[in-house]
There are 2 protein chains.
Amino acid sequence: MPPTKPKSPKIPKIAVIRLALYAKHLEILHSEGVKLVSSLELADLCGVNPAQIRKDLAYFGQFGTRGLGYPVAELLAELKRIMGTDHVWRLGLVGVGNLGRALLRHTQFAEQGFVFTAAFDRNPEVVGTLVSGVKVSNAEQMKRVVRERSPFDIGVLATQPKEAQSAADRLVEAGVSAILNFTPVKLKLPAGVYVENVDFTVRLHLLCYSITHGSDVTQEHPT
Amino acid sequence: MPPTKPKSPKIPKIAVIRLALYAKHLEILHSEGVKLVSSLELADLCGVNPAQIRKDLAYFGQFGTRGLGYPVAELLAELKRIMGTDHVWRLGLVGVGNLGRALLRHTQFAEQGFVFTAAFDRNPEVVGTLVSGVKVSNAEQMKRVVRERSPFDIGVLATQPKEAQSAADRLVEAGVSAILNFTPVKLKLPAGVYVENVDFTVRLHLLCYSITHGSDVTQEHPT
DNA sequence: CGCGTTACGTGAAGGTTTTCACAAAGGGGT
DNA sequence: ACCCCTTTGTGAAAACCTTCACGTAACGCG
Ligand SMILES: NC(=O)c1ccc[n+]([C@@H]2O[C@H](COP(=O)([O-])OP(=O)(O)OC[C@H]3O[C@@H](n4cnc5c(N)ncnc54)[C@H](O)[C@@H]3O)[C@@H](O)[C@H]2O)c1
Ligand SMILES: NC(=O)c1ccc[n+]([C@@H]2O[C@H](COP(=O)([O-])OP(=O)(O)OC[C@H]3O[C@@H](n4cnc5c(N)ncnc54)[C@H](O)[C@@H]3O)[C@@H](O)[C@H]2O)c1
């Protein structure tokens, strides 16, 4: 029986973020043939406090053996199950421009279990072409394409900013409940639709502050 | 005289991150001709608590007028000065591949005061070409190019993962003290060099967790 | 079989960030 | 000149997250 207890207590949001970090390093250990790892060793690899790891894991169950540590393969499998990354997720790209193209061609997504099954654009010159093995469909027919040919779980938004909201609406209409948003627009979406905004410029601003003030402002968070 | 007091007390790292968020919304208000804004109004726009804004600003000085609010133009100018974004920052790209190309072509960086003045690659087929008006130089000659022709302040790293560390070392050698790192590699760099890591896959993992557990884990943080 | 060693799991302590709540301050109307 | 209304700036309280410290459990060795 898997030693998982229900996650009744409130789980700090940042703990979930760190879970992905732990999984990443467990993956490496696993590939190196390491069978057991202590919270201290894993903490060193991840650059966090060992107690932090134990506490984070405790939110989801008991995975270790006292006196030994954690079984790498099992813990990795558990973390993947918890994160939902124990199976492939299908991505649908909206906006096959400069950035969208780079994302489609990014081979490392597939290695992590994220596969583009569909791509959409509005530009007739792009529609119908094949980018990195993915056929670009007409954005107007998203709902139909999703239903009949290429369903996906997560929408990746990379249109021009002024098209972002309507494109997002279309994603929701098509039944998508999670969006990775690369546009600088704050999307208005119904409850139950999850959004993650990616904005590189915030990071640039932080670097500017650090350079200007000579003090590092970057926290160790693994984002 | 500008009402700025020295930043003697300890400033929460996350407060600086929010400053960029405030500046973004002040920019919009300014373009709409709004002259004054209260912490309540700005808080609504930014999706944070009004007291948070007042506290964050208080770390850097007194910018408001009691009973009125904050003067949009002045506060914006102050924030830019504090962040160091009151002038143009020069970017140098290392690795003109899928992602690097998208970044070079991204017109919105310039609008925010970030301009690519140099680009480097190792691939002879790419070296010498012009991408979005920027000449691609040989990565081996980075130090010379930076000194003699195209200095820059912030290095943008978008090489293959296994080249990341050595490319970063070269950036440091060339005198760069801030790096925006798009590779999944945790760079080892001397103290005084600031790094911000951009990793989209963490965001995808978070979305997976949200979908799987039906509870939103995304914090309102503006990253 | 029991004892020593190790390292987990967790309550409590400690530290940091967010929010509350209110005194103080400024503007504007009369 | 005074009063009223609004909103800042800021201690204090609350919430939150991290780290400590130790009881406890499991393994392995003599
Ligand atoms: N390029 C970058 O490096 C970069 C960096 C950060 C953020 N972004 C953001 O990402 C977005 C895309 O940037 P880009 O450089 O790729 O722009 P782009 O103009 O090259 O690409 C946009 C693509 O979206 C398509 N499109 C427009 N409306 C659409 C719709 N309703 N449905 C489907 N497709 C539609 C366009 O035809 C075009 O192909 C922008 O919002 C930009 O702000 C880009
Ligand atoms: N493409 C994406 O959407 C995406 C997304 C997330 C992360 N990344 C990361 O960004 C990096 C680049 O991705 P990509 O898709 O553009 O890869 P890519 O292979 O298309 O481009 C890499 C470029 O870097 C150049 N290069 C290699 N070594 C170099 C060196 N020492 N100095 C200078 N240039 C060098 C190569 O010649 C190539 O042009 C990778 O680390 C990848 O993991 C990419």
Side-chain angles (χ1 to χ4, degrees), chain A residues 3-19 21-22 26 34-72 74-75 78-79 217-223, chain B residues 3-19 21-22 26 34-72 74-75 78-79 217-223:
Chain A
T4 312
K5 78 181 173 200
K7 52 156 200 119
S8 28
K10 202 174 21 167
I11 292 160
K13 303 159 188 247
I14 203 152
V16 177
I17 295 178
R18 278 190 301 261
L19 251 45
L21 178 70
Y22 305 154
L26 286 169
V34 178
K35 294 278 178 275
L36 281 169
V37 68
S38 70
S39 59
L40 188 66
E41 291 162 345
L42 188 56
D44 279 348
L45 291 170
C46 298
V48 304
N49 185 293
Q52 181 96 82
I53 293 186
R54 297 200 297 274
K55 187 130 278 194
D56 286 346
L57 296 180
Y59 287 118
F60 298 95
Q62 306 204 154
F63 308 104
T65 310
R66 298 183 183 200
L68 277 190
Y70 298 94
V72 172
E74 278 180 45
L75 180 56
E78 279 298 325
L79 289 189
V217 93
T218 67
Q219 51 233 56
E220 205 56 51
H221 81 163
T223 306
Chain B
T4 314
K5 77 180 171 201
K7 54 161 200 112
S8 28
K10 202 175 19 164
I11 292 162
K13 303 164 185 247
I14 201 148
V16 178
I17 295 178
R18 280 190 299 262
L19 251 44
L21 178 70
Y22 305 155
L26 286 169
V34 178
K35 294 279 179 277
L36 281 169
V37 67
S38 70
S39 60
L40 188 66
E41 291 162 344
L42 188 57
D44 279 347
L45 291 170
C46 298
V48 303
N49 185 293
Q52 182 98 81
I53 293 187
R54 297 201 295 274
K55 187 132 275 189
D56 285 346
L57 296 179
Y59 288 118
F60 297 96
Q62 307 204 154
F63 308 105
T65 310
R66 297 183 184 202
L68 278 190
Y70 299 93
V72 172
E74 277 180 47
L75 180 56
E78 279 297 325
L79 289 189
V217 91
T218 66
Q219 52 232 57
E220 207 54 55
H221 81 164
T223 307

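Below, each value reflects all heavy atoms present in this structure, side chains not excepted, and no hydrogens, waters or symmetry copies. In the text below, chain A, chain B and the rest are named by the order of the sequence lines, each starting its count at 1.
- Using a 4.0 Å cut-off, some side-chain N or O of A:Gln62 falls inside it from OP1 or OP2 of C:dT10.
- Here the closest non-hydrogen pair linking A:Ile53 and A:Ser39 is CD1-O, 3.8 Å.
- Atom CD1 of B:Ile53 is separated from atom C1' of D:dG9 by 14 Å (rounded to the nearest Å).
- Residue B:Glu78 holds its CD atom at 12.0 Å from CG of B:Leu26, rounded to the nearest 0.5 Å.
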In 5'-to-3' order, the base (B), backbone-only (S) or no-contact (-) status of each nucleotide in nucleotides 16-22 of chain C, using a 4.0 angstrom heavy-atom cut-off, is SSSBBB-
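- DNA chain D is contacted by no residue of residues 35-45 of chain A, taking any non-hydrogen atom closer than 4.0 Å.
- Looking only at side-chain heavy atoms (C-beta outward), A:Ile11 and A:Phe60 come within less than 4.5 Å of each other.
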Taking only nitrogen or oxygen atoms into account, show me every contact under 3.5 Å that the protein makes with nucleotides 25-30 of chain D, one pair per line with its distance.
unit_1	atom_1	unit_2	atom_2	d
D:dA25	O4'	A:Arg66	NH1	3.4

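- Not one side-chain nitrogen or oxygen of B:Tyr70 sits closer than 4.0 Å to the OP1 or OP2 atom of C:dG26.
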Audit row: B:Tyr70, B:Leu57, side chain to side chain contact (heavy atoms under 4.5 Å, CB included) steps and yes/no
CA-CA 11 Å; B:Tyr70 299 93; B:Leu57 296 179; 3.6 Å; yes
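- Annotation: salt bridge (charged side-chain N to carboxylate O under 4.0 Å, His left out) contacts involving residues 35-55 of chain B, sequence neighbours excluded, are absent.
- Residues B:Leu40 and B:Pro50 approach most closely at CD1-CG, 3.7 Å, considering heavy atoms.
- Between A:Lys10 and A:Tyr59, the closest heavy-atom pair is O-CE2, 3.8 Å.
- In this structure, A:Tyr22 OH and A:Leu42 CG are separated by 7.5 Å, a value rounded to the nearest 0.5 Å.
- Scored by the side-chain contact (heavy atoms from CB on, under 4.5 Å) test, A:Leu45 finds A:His25, A:Leu29 as partners (sequence neighbours excluded).
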Does the side chain to side chain contact (heavy atoms under 4.5 Å, CB included) test come out yes or no for A:Ile17 and A:Leu21, once each step is laid out?
CA-CA 7 Å; A:Ile17 295 178; A:Leu21 178 70; over 6 Å; no
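- Atom CG in B:Leu57 sits about 7 Å away from atom P in D:dG9, given to the nearest Å.
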